[in-house]
> 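Before I ask anything, let me first share the structure, which is written out below as structure tokens.
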Amino acid sequence: MDLKDLYREVVLDHNRSPRNFGRLEPADAEAQGHNPLCGDRLHLTLRLQDERLSDLRFEGQGCAISVASASLMSEAVKGRSRAEIAQLYDEVHAMLTGRLSHPPAHLGKLAALAGVAEFPVRVKCASLCWHTLNAALERANAPVSTE
Ligand code: ZN
């Protein structure tokens, strides 16, 4: 099995049985993501503890790449700090847009999405979950309301 087959297998597996699928209630923050080019939609809920992303769930409908990417992301970011997530996002974005020809080893299974760089129209599918996560994290910055 070459690397491309392995990557394809990881994407298919995460599309078939997405990890962290569902909704956290209550959640510390949430956000909706929509990629009109493909029709992908996702809703993300998260919990923060001491500025770490202690838990997250996503639900929604979309193409195989968008679902697999959200599933892979959910595993990769859980337990991480905001700064670590920001750095990871930079690297994933560089990989998806073809600016990183050899994904560093610490990206782990996220490297399965490296092939997306060959299909520019799919980049938005794969990055939708990251934009949605960033939006939810920004919202979590807002002062806590007592209402
Ligand atoms: Zn899509």
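Predicted model, so just to flag it, every value in this text is computed and none were measured. Just so you know, ligand 1 is whichever comes first in the structure, and atom 1 is the first atom listed for that ligand.
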> Tell me whether the count of non-hydrogen atoms from other residues, nucleotides or ligands lying under 6.0 Å of CD in Gln87 goes above 12.
no
> Everything protein-side that's N, O or S and under 2.8 Å from the Zn ion (ligand 1): list it, residue and atom.
Cys38 SG, Asp40 OD1, Asp40 OD2, Cys63 SG, Cys125 SG
> Less than 3.5 Å apart, which donor and acceptor atoms pair up between the side chains of residues 121-137 and the rest of the protein, not counting sequence neighbours?
{"unit_1": "Ser127", "atom_1": "OG", "unit_2": "Val123", "atom_2": "O", "d": "2.9"}
{"unit_1": "Thr132", "atom_1": "OG1", "unit_2": "Leu128", "atom_2": "O", "d": "2.7"}
{"unit_1": "Asn134", "atom_1": "ND2", "unit_2": "Trp130", "atom_2": "O", "d": "3.4"}

> What pair of heavy atoms forms the shortest contact from Ala117 to Met95, and how long is it?
CB-O, 3.6 Å
> Using only atom types and a distance under 3.5 Å, with no angle test, would you say the side chain of Ser69 pairs donor to acceptor with the backbone of Ser66?
no
> Name all pairs fulfilling the ring pair (Phe, Tyr, Trp, His ring centres under 6.0 Å) condition that reach into residues 21-65, sequence neighbours left out, sorted by first residue then second.
Phe21-Phe58
> Run the side-chain donor-acceptor check on residues 105-112: report pairs under 3.5 Å with partners two or more places apart or on a different chain.
{"unit_1": "His106", "atom_1": "NE2", "unit_2": "Glu91", "atom_2": "OE1", "d": "2.8"}
{"unit_1": "His106", "atom_1": "NE2", "unit_2": "Glu91", "atom_2": "OE2", "d": "3.2"}

